[in-house]
Amino acid sequence: MSEAFIPYVGAEAVQLPDGRVFKGPSCESDAARALLADGLAPDARLTFLRDGRPSLTGGVIAFAGRVWAGAADDPASRKWRPYRRQHGPAALGVEAASGTMATECGNPTADDKAALAEGGAA
């Protein structure tokens, strides 16, 4: 099992060893997903350092699978999923001819059900 040490470079910013900087309330998760995409082993451990001292430690998969839920749910987090506008209809399972959702999209998550119950869009 490998371990990666990632320093904070601001209040909500981390810098990877190659120089890329991720900012925002989900910077740890964004960095973990980038490291996985770069080929970091899924069983690797991440240690985020603040002022040279460990502040967060966990598995890369655990960090990659979470994202900040927003101000209404602070400090809760939710399961990460691709942002619809960035990944297009194909990633959502939308059939181009009809514009309807394909059945391969899977089951709605608890976040989707809660949003629909409040009258919002999932």
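Small disclaimer: the values here were computed from a predicted structure and weren't measured.
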query: Heavy atoms, side chains only, cut-off 4.5 Å: are Ile61 and Leu36 in contact?
result: yes

message: Looking at Ser29 and Arg66, would you say the former's side chain and the latter's main chain have a donor-acceptor pair under 3.5 Å?
response: yes

- request: Please report the closest heavy-atom contact between Thr57 and Arg45, naming both atoms and the distance.
  value: CG2-NH2, 3.6 Å

- prompt: For Gln15 and Ile6, which heavy atoms make the closest approach, and how far apart are they?
  reply: O-CG2, 3.5 Å

task: May I ask whether Val60 and Leu56 are part of the same hydrophobic cluster, defined by side-chain heavy atoms of I, L, V, M, F, W, Y residues being less than 4.5 angstrom apart, directly or through others?
output: yes

- prompt: Between CG of Asp38 and CG of Leu16, what distance do you get to the nearest 0.5 Å?
  reply: 7.5 Å

message: Below 30° counts as parallel, above 60° as perpendicular, anything between as tilted: where do the rings of Phe48 and Phe63 land?
response: perpendicular

task: Considering only NZ, NE, NH1 and NH2 on the basic side and carboxylate oxygens on the acidic side, decide whether Arg20 and Asp18 come within less than 4.0 Å.
output: yes

field: Considering all heavy atoms, the nearest Cys27-Ala13 contact
entry: SG-N, 3.9 Å

task: Could you grab the distance from atom CG of Leu40 to atom CD of Glu3, nearest 0.5 Å is fine?
output: 11.0 Å

message: When you compare the side chain of Leu49 with that of Pro54, does any pair of heavy atoms fall below 4.5 Å?
response: yes

